[in-house]
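Side chains included, hydrogens not; waters and symmetry mates left out as well; all remaining heavy atoms used. Atoms within each ligand, like the ligands themselves, are counted from 1 in listed order.
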Amino acid sequence: MSPEIEVRTATSDDWSGIWRVLEPAFRAGETYTYPRDIGEAEARAAWTAAPGARLLVAVGTDGVVGTAKYLPNLPGAGAHVANASFVVGPGSGGRGVGRALANAVLDGARAEGYLAMQFNAVVETNERAVRLWESFGFEILATVPEAFRHPTAGLVGLHIMYRDL
Ligand SMILES: CC(C)(COP(=O)(O)OP(=O)(O)OC[C@H]1O[C@@H](n2cnc3c(N)ncnc32)[C@H](O)[C@@H]1OP(=O)(O)O)[C@@H](O)C(=O)NCCC(=O)NCCS
């Protein structure tokens, strides 16, 4: 990753930069289950206001280039397992931003006492993400068949991926 990229906790001032990163991914509809026509306010609530969520940004000289969040995967008796989500801006992929965000999320989740991390819905055609998570020790526990309606590939599977912390 280029040295001028910093990963830090997001503030409310970061939202416009976060939305510039999220919007292309949500509109493309290839990696997340948000409605492709989701409005900005709804996206903001979903990305920044989930109970217990910690929100991170990767920031370069041109502003926000990536964002991630982690939160309890389930409430109550399931709250020691974290869930996390990541998006890197379209012009910033393949430069280590995703890896840097993942390192920060894993470190943060560990420091907060989470015992494991689970991804509930990794689209099986999202090879870049699957390879990245596997490089961090996540394994595919199961694949829910035809659970994701991909805009060009049709019905594809969703991986449940997991690692302990
Ligand atoms: C998945 C995502 C977060 C990865 O972020 P990124 O900044 O592009 O990833 P990195 O540059 O840190 O690369 C991480 C790994 O991805 C893989 N990778 C990178 N570029 C790749 C490419 N063009 N094709 C395939 N794999 C690639 C490599 O394994 C790389 O590992 P390395 O660090 O050993 O080279 C990013 O592509 C993204 O935001 N995608 C859209 C949203 C999404 O899919 N989120 C995750 C949902 S589970």
ILVMFWY clustering at 4.5 Å (side-chain atoms), partners of Val57: Trp15, Ile18, Trp19, Val21, Leu22, Phe26, Tyr32, Tyr34, Ile38, Trp47, Leu55, Val59, Val64, Val87

Counterpart residues, salt bridge (Lys or Arg N to Asp or Glu O under 4.0 Å), relative to Glu23 (two or more places apart): Arg27

Residues in ring pair (Phe, Tyr, Trp, His ring centres under 6.0 Å) contact with Tyr162, at least two apart in sequence or another chain: none

Mind listing the N or O contacts between ligand 1 and protein, cut-off under 3.5 Å?
from     : atom 1 : to     : atom 2 : distance (Å)
ligand 1 : 7 (O)  : Gly98  : N      : 2.7
ligand 1 : 8 (O)  : Gly94  : N      : 2.8
ligand 1 : 8 (O)  : Arg128 : NH1    : 2.7
ligand 1 : 11 (O) : Gly94  : N      : 3.3
ligand 1 : 11 (O) : Arg95  : N      : 3.0
ligand 1 : 11 (O) : Gly96  : N      : 2.6
ligand 1 : 12 (O) : Gly98  : N      : 3.4
ligand 1 : 12 (O) : Arg99  : N      : 2.8
ligand 1 : 23 (N) : Arg128 : NH2    : 2.8
ligand 1 : 26 (N) : Arg131 : NH1    : 3.4
ligand 1 : 31 (O) : Arg99  : NH2    : 3.1
ligand 1 : 33 (O) : Arg99  : NE     : 2.7
ligand 1 : 33 (O) : Arg99  : NH2    : 3.3
ligand 1 : 34 (O) : Arg99  : NH2    : 3.3
ligand 1 : 39 (O) : Val88  : N      : 2.7
ligand 1 : 44 (O) : Asn126 : ND2    : 2.6
ligand 1 : 45 (N) : Phe86  : O      : 2.8

Polar contact flag, side-chain donor to acceptor under 3.5 angstrom, Asn126-Glu124: no

Note: Arg8-Asp14 ion pair, threshold 4.0 Å (strictly below): yes

His159 side-chain N/O to Met161 backbone N/O, donor-acceptor pair under 3.5 Å: no

